[in-house]
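This report refers to the structure that appears directly beneath it.
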Amino acid sequence: MKLSRPFYEQSTIDVAKQLLGKFLIHRHADATLVGRIVETEAYLGPHDLACHAAKGRTKRTDVMFGAAGHAYVYFIYGFYNMLNLVTEAKDYPAAVLIRAVEPVRGIEQMKQNRKNELLHHLASGPGKLCQAFAIDRSLNGADVCGKVLYLEDQGGSMPKFDATPRIGVDYAAQWKDKPLRFVVRDSKFVSQR
DNA sequence: CAAGAGATCATCT
DNA sequence: GATGATCTCTTGA
């Protein structure tokens, strides 16, 4: 069952937790790429110093201020794209970063995209995931309740997970230690280093 | 195995 | 002109 807009309109932390175990699907060219989400991070809004929107509304963060259920894709370090899902109400800038998935379908295509044969190196990090799933800034602002890029609940209970501080946000003062990163317990497909 | 550097660019000051 | 929600490779022990 495809996740619809109201799912993304919930509180960002709830969305981040509930996304664990859901399936990310990208219908791209000939291939359908599918992965099971095993790691997410919540970026809570304008007061969260680790959230890009803490610096205000700019061209880059504009999508986060829009309606829930859209993709916020941005480019960083000159190399990598990051995939986020916009949450909460319109004009409230919050999002969930998808950090890692377990490859399920389209694995051959992912290996080609990544130029890497090892299953647990295909999408075990936000930059790798976008490479494997052929996600770039052309998808920024895309509706994830549509037909190209979307998420599915395929049943089953929510996996057991741990909450830890977010990665790479040491600059965020008192926000850097908040347990807003959620990882599926015992998954081999979470981000590595 | 851990640590460090380099790659490379959109965005903001 | 600086910097970052990263990854890979190289180095050294």
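Residue numbers start from 1 in every chain, and the chains themselves are labelled A, B, ... in the order their sequence lines are given, proteins ahead of strands. Every heavy atom of this structure was used, including side-chain atoms; hydrogens, water molecules and symmetry mates were not.
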For atom CG of A:N84 and atom C1' of C:dT6, their distance in whole Å: 14 Å

Side-chain heavy atoms of A:M82 within contact of A:N84, under 4.5 Å: yes

Would the A:H52 and A:Y74 ring centres measure less than 6.0 Å apart? yes

Give me the residues of residues 60-81 of chain A where at least one heavy atom lies under 4.0 Å from an atom of DNA chain C, by number, or none. A:Y74, A:I76, A:Y77, A:Y80

Using a 4.0 Å heavy-atom cut-off, does A:R114 contact any base of the nucleic acid, only the sugar-phosphate backbone, or nothing at all? sugar-phosphate

Before accepting this row, confirm whether a basic side-chain N of the pair A:K176/A:D170 lies closer than 4.0 Å to the acidic partner's carboxylate O. no

Plane angle bin for A:H47 and A:Y92 - parallel if under 30°, tilted between 30 and 60°, otherwise perpendicular: tilted

Using the P atom in both, what is the distance from C:dA5 to B:dA3, to the nearest Å? 22 Å

Hey, does A:N116 have a side-chain heavy atom less than 4.5 Å from the side chain of A:K111? no

Are A:L83 and A:Y72 close enough that some pair of their side-chain heavy atoms sits under 4.5 Å apart? no

Going by the side-chain contact (heavy atoms from CB on, under 4.5 Å) test, name the single residue among A:V96, A:V169, A:T12 that passes it with A:Y43. A:V169

Please give the stem ranges for DNA chain B, sorted by first residue number, where a stem is three or more consecutive Watson-Crick or G-U pairs and both donor-acceptor distances are under 3.5 Å. B:1-7 with C:6-12, B:9-12 with C:1-4

Just by modelled atom types, is the A:V184 backbone N or O under 3.5 Å from a matching donor or acceptor in the A:S187 side chain? no

Please say which of A:V34, A:L33, A:I25 ends up in a side-chain contact (heavy atoms from CB on, under 4.5 Å) with A:V104. A:V34

Find out whether A:L19 and A:L3 are in side-chain contact, i.e. whether some heavy atom of one side chain is under 4.5 Å from a heavy atom of the other. yes

Residues A:R99 and A:E41 bridged, charged N to O under 4.0 Å: yes

Quick check for you: name the first and last nucleotides of DNA chain B, 5' to 3', having an atom under 4.0 Å from a heavy atom of chain A. B:dA7 to B:dC12

Counting only non-hydrogen atoms, which of residues 13-21 of chain A are less than 4.0 Å from DNA chain C? none

So, A:R181 and A:E39, do they make that salt bridge, N to O below 4.0 Å? yes

Find out whether A:E102 and A:F23 are in side-chain contact, i.e. whether some heavy atom of one side chain is under 4.5 Å from a heavy atom of the other. no

Figure out the NZ/P separation between A:K128 and C:dC9, and round it to whole Å. 11 Å

Short side-chain donor-acceptor distance under 3.5 Å, A:Q18 and A:Q10: yes

Does the pair A:R5/A:D143 count as a salt bridge with the N-to-O cut at 4.0 Å? yes

In whole angstrom, give the distance that lies between atom OH of A:Y171 and atom C1' of C:dA2. 15 Å

A:L49 CG to C:dA5 C1': how many Å, rounded? 14 Å

Has A:R185 got its NZ or CZ under 6.0 Å from the middle of the six-membered ring of A:F161, at an angle within 45 degrees of the ring axis? no

Are A:I13 and A:Y8 grouped together when hydrophobic residues (ILVMFWY) are joined by side-chain heavy atoms under 4.5 angstrom apart? yes

Roughly how far, to the nearest 0.5 Å, is the CG atom of A:L151 from the CD1 atom of A:I37? 4.5 Å

Return the residues of residues 50-58 of chain A meeting this criterion: a heavy atom under 4.0 Å from some atom of DNA chain C. Order them by number, or give none. A:A50, A:H52

Gap between atoms CG and C1', on A:L122 and C:dC7 respectively (whole Å): 14 Å

Go through residues 131-146 of chain A and report each residue with a non-hydrogen atom lying under 4.0 Å from DNA chain C, sorted by number. none

Which whole-number value in Å describes the distance from A:D170 CG to C:dA5 P? 11 Å

